[in-house]
Each structure stands twice: as structure tokens, then as C-alpha cells.
J.: 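Dumping the structure here so I can ask a few things about it.
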Amino acid sequence: MADDSAKDKVAGKAKEAMGKMTGNRRMESEGKADQAKGKAKGAVGDARDRAQGAKDSLTPDDKD
């Protein structure tokens, strides 16, 4: 999941820059939206990891 979020952020940044260079406001906006999508994916992944860590810390080990 982290790879997807990073990929979206980088692609969005490139698209935004290309939109600025060419004066294409739509492409610039799409780039910003892609970056936001990447940040959201990253936040979901982080929350999932924290929840799994909390679950693991509360689950007893069955190694007796």
C-alpha cells in the first residue's frame, strides 16, 4: 500500500508541475487531486498498521 501512495504522490506532483508549465489548469488540479489521493492512501495504511500493532500487543502468545 505504501508503494501505491508514494506513486500517486510522485505522479501527482509531476502532473501538477506539467500543468503549471503548460498553463493547463485542469492538469494542475488533477495533479493536486492525485497527491491528495496518495496522502489518503498513506494515512489508511498507517492506521491499518497501528491497528494491527495494537491487536498484536493485546493478543497473548500461544508459546507455552
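The structure presented is a predicted model; accordingly, all values stated were derived computationally and were not measured.
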J.: Which residues pass the side chain to side chain contact (heavy atoms under 4.5 Å, CB included) test with S57, sequence neighbours left out?
T.: none
J.: Going by the rule side chain to side chain contact (heavy atoms under 4.5 Å, CB included), which residues pair with E16 if we only count those two or more places apart in sequence or in a different chain?
T.: K13, K20, E28, K32, Q35
J.: What residues, two or more places apart in sequence or in another chain, satisfy side chain to side chain donor-acceptor pair (under 3.5 Å) together with K15?
T.: D34
J.: Residues two or more places apart in sequence or in another chain: which of them pass side chain to side chain contact (heavy atoms under 4.5 Å, CB included) with R25?
T.: none
J.: How long is the gap from CD on Q52 to OG1 on T59, to the nearest 0.5 Å?
T.: 8.0 Å
J.: Could you work out the complete set of other residues in the hydrophobic cluster of M27, with links drawn between I, L, V, M, F, W and Y side chains under 4.5 Å apart?
T.: M18, M21
J.: Looking at residues at least two apart in the chain, or sitting in another chain, which of them share a side chain to side chain donor-acceptor pair (under 3.5 Å) with E30?
T.: R26
J.: Ignoring hydrogens, what is the shortest heavy-atom contact between S5 and G38? Give both atom names and the distance.
T.: CB-O, 3.1 Å
